[in-house]
Amino acid sequence: MPEILIQDIDVALTMDDQRSQLSAVDLRIRDGIIAEIGSGLTTEGERISGKGCVVTPGLVNTHHHLYQNLTRAVPGAQDALLFGWLKRLYPIWSAFTPDDIHVSAQLGLAELAFSGCTLTSDHLYLYPNGSRLEDTIEAAGDIGLRFQPTRGAMSIGESAGGLPPDSLVEEERAILDDMIRVVDRFHDPAEGSMCRVALAPCSPFSVSRELMRDSALLARDKGVMLHTHLAENDEDIAYSLAQFGCRPGQYAEDLGWTGPDVWHAHCVKLDAEEIDLFARTRTGVAHCPCSNCRLGSGIAPLRAMRDARVPVGLGVDGSASNDMASLISEARQAMLLQRVAQGADAMSAYEALEIATRGGAEVLGWPDVGQLVVGKRADIAIWDVTGVASSGSWDPAALLLAGPAQVKHLFVEGRQIIRDSNLVTMDLPGLLERHQKATTRLMQLA
Ligand SMILES: [Zn+2]
C-alpha cells in the first residue's frame with residue numbers, strides 16, 4: 001500500500017497516555033500503521049490536506065445490532081418499553097433472510113463510517129432462515145471497517161417461558177457448535193487483525209444459565225471475548241431477582257461473566273456494589289445513551305463508572321432502538337446525559353470523545369487502535385471544522401460542542417474508506433436501493 005501523508009493538521013487529538021493535543025502537525029501512514037507524527041514531513045506518496053481539520057483516532061462502537069437497520073421507526077415499536085418493543089419486532093425479524101442480514105449490515109456499517117467509526121462490534125443473536133454470522137462478516141469486508149462480530153444466541157422461546165417466539169430460538173448444543181465453528185473459521189487474534197469473533201448469548205432472560213456458563217468456558221478455552229446485555233432497565237432487574245434470586249452483577253459473577261475479556265451492554269441499573277465488582281475485575285461496559293433514552297431505560301451511572309475506573313466504551317445499539325446510529329452523536333449524547341444527571345461539569349466534550357475512541361478500544365480488547373500514536377494501527381477520522389457546524393467556535397477541537405456530524409476522510413488500517421465525504425469502498429446509491437427494497441419486502445410481509 002502506498003504511503004499517505006496527512007499534512008498541516010490544525011489539531012490532532014491523540015488520546016495518547018499524556019492526552020496530547022498537537023497543533024500544526026503531519027501524520028504519516030505506512031503499511032497500515034501510523035509511522036510518524038511531526039512537523040515538516042515530506043513524502044513521495046499520496047498527500048491529504050489536514051488544513052482546517054481536527055484529526056482524531058477512529059471512533060469505536062462497542063454495541064450494535066446491524067441487522068436492525070431494516071426495522072427503524074417501526075409503528076407499534078416507536079413508543080414501547082423494552083419488553084413490549086421486543087414483542088412487536090420479533091415476528092418481523094423472524095422473516096429475515098441471509099440477504100437481509102447482509103444488506104442491513106452493509107448499510108449500518110456505512111452509516112457508522114460516515115460518523116467517524118473505524119472499529120465496530122456487532123451483536124447478532126438471531127439466525128432466521130439460514131442466516132449465519134458470515135452474512136455480517138462479509139458486509140464488514142465490503143465496507144472496510146475493522147470488525148468484532150459476536151456469535152449471539154437465544155434459546156428460551158415462548159413455550160419455555162421466554163420472551164422470543166420459538167421460531168427465533170436455537171438448540172443450545174447447536175449454538176455452542178456454531179460458536180466453535182465461527183471462532184475457528186473467522187477469529188484472527190494477530191496484530192492488525194480486521195476480524196475478531198466474540199461469544200454473546202443475547203441476555204440472561206433469553207438463554208439458560210447453562211448456556212451462559214458454557215459459553216464463558218468456551219470463550220476462555222478459545223481466547224475470545226464475551227458479550228451480552230445486562231441490567232438494562234428496571235424490568236431487567238426485576239426479572240433477575242424473580243428468576244435467579246439475585247441482581248444481574250451477582251448472576252454474571254457466578255457464571256464467569258466478569259473479567260477483562262467481558263463487556264456488557266447498557267448496565268443502566270448497576271448499583272454501587274456492582275460498579276465496584278466491574279472495577280475490580282476490569283469488566284467492560286458498552287454505554288448506549290441514545291438507546292437508553294429512546295427506550296426510557298434510564299441514565300447509566302457513567303460518571304461513577306469512570307471514577308471507579310470501570311472500562312467504558314460507547315455503543316449506538318441496534319437501529320430499531322436508536323434509530324440513528326451516528327457514533328459521534330452518541331458521544332455528544334453521553335456527555336449531555338451525564339450533565340442532565342449531575343450538572344454541567346459532570347463530563348467534558350473531550351472526555352466523552354476519549355470514551356468514544358480509546359475507551360471503546362480498551363473495552364473491546366484492541367489496544368492497538370483508539371490512539372494517534374506511532375506504531376498503532378492507522379484508524380483515523382478527519383473532521384472538517386471550516387463548515388457551518390463549527391463556524392464561530394472558539395475551540396474547534398471541542399468537536400462534541402460544535403462540530404460536524406460526518407467525517408471528511410476516514411482511514412482503516414491505512415486504507416481510505418471515506419474521501420471528501422464520499423464512501424469509496426462501495427456504490428452507495430446501489431446499496432440504498434437494495435436496502436430499501438429489502439425494507440419494502442418486510443413491510444409487505446408484516
Ligand atoms: Zn442491544
Side-chain angles (χ1 to χ4, degrees), residues 60-74 77 80-90 92-93 96 101 104-105 108-109 111-112 117 120-127 133 136 147-154 162-164 168 198-207 212 215 225-237 239-240 248 252 257 262-270 283-300 302 312-327 330 333-334 360 363-364:
V60 176
N61 181 39
T62 60
H63 186 66
H64 207 329
H65 310 288
L66 288 164
Y67 78 88
Q68 292 180 4
N69 274 72
L70 287 169
T71 49
R72 290 165 142 168
V74 171
L81 291 176
L82 176 65
F83 284 16
W85 173 89
L86 282 170
K87 282 187 172 157
R88 168 72 178 107
L89 289 165
Y90 280 142
I92 302 173
W93 293 338
F96 273 41
I101 303 275
S104 190
L109 289 157
E111 181 181 29
L112 282 174
C117 177
T120 184
S121 182
D122 184 48
H123 190 182
L124 184 62
Y125 53 81
L126 43 84
Y127 295 84
L133 193 66
T136 60
F147 199 38
Q148 183 145 316
T150 69
R151 205 310 178 179
M154 296 193 293
L163 211 56
L168 277 180
L199 307 183
C202 184
S203 64
F205 58 78
S206 54
V207 302
M212 291 295 286
S215 51
M225 293 194 65
L226 278 170
H227 181 49
T228 193
H229 294 96
L230 202 79
E232 182 164 352
N233 66 4
D234 288 330
E235 287 171 290
D236 203 339
I237 303 292
Y239 185 92
S240 186
W257 277 77
V262 184
W263 85 107
H264 294 285
H266 300 303
C267 299
V268 174
K269 296 294 176 182
L270 288 195
T283 306
V285 170
H287 173 50
C288 307
C290 287
S291 171
N292 298 158
C293 289
R294 159 77 156 83
L295 293 173
S297 301
I299 302 176
L302 179 61
V312 185
L314 291 185
V316 296
D317 204 0
S319 292
S321 68
N322 188 327
D323 302 297
M324 285 189 275
S326 162
L327 194 47
E330 201 72 37
Q333 187 74 8
V363 164
L364 294 187

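Note that the structure is a prediction, hence the values are computed from the model and not measured. Indexing begins at 1, ligand by ligand and atom by atom, following the structure's order.
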For this session: Could you tell me which residues satisfy side chain to side chain contact (heavy atoms under 4.5 Å, CB included) with A286, sequence neighbours excluded, listed by chain and number?
Result: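 Side chain to side chain contact (heavy atoms under 4.5 Å, CB included) list for A286, sorted by chain: T62, H63, W263, A265.
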Problem set entry | Pairing residues for N233 by the side chain to side chain contact (heavy atoms under 4.5 Å, CB included) criterion, not counting sequence neighbours |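 Per chain and number, N233 pairs via side chain to side chain contact (heavy atoms under 4.5 Å, CB included) with L82, E235, D236, S297.
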Problem set entry | S104 side chain vs I101 backbone, donor-acceptor pair below 3.5 Å | no
Exercise. Listing by chain and number, what protein N/O/S atoms are under 2.8 Å from the Zn ion (ligand 1)?
Worked result: H63 NE2, H65 NE2, H229 NE2, D317 OD1
Problem set entry | Pairs satisfying salt bridge (Lys or Arg N to Asp or Glu O under 4.0 Å), at least one member in residues 313-322, at least two apart |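 Passing the test, one end in residues 313-322: no pairs.
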Problem set entry | Aromatic ring pairing H123/H65, orientation class (parallel under 30°, perpendicular over 60°, tilted between) |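 Tilted.
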For this session: Return the orientation label for the F96 and Y67 ring planes: parallel under 30°, perpendicular over 60°, tilted otherwise.
Result: perpendicular
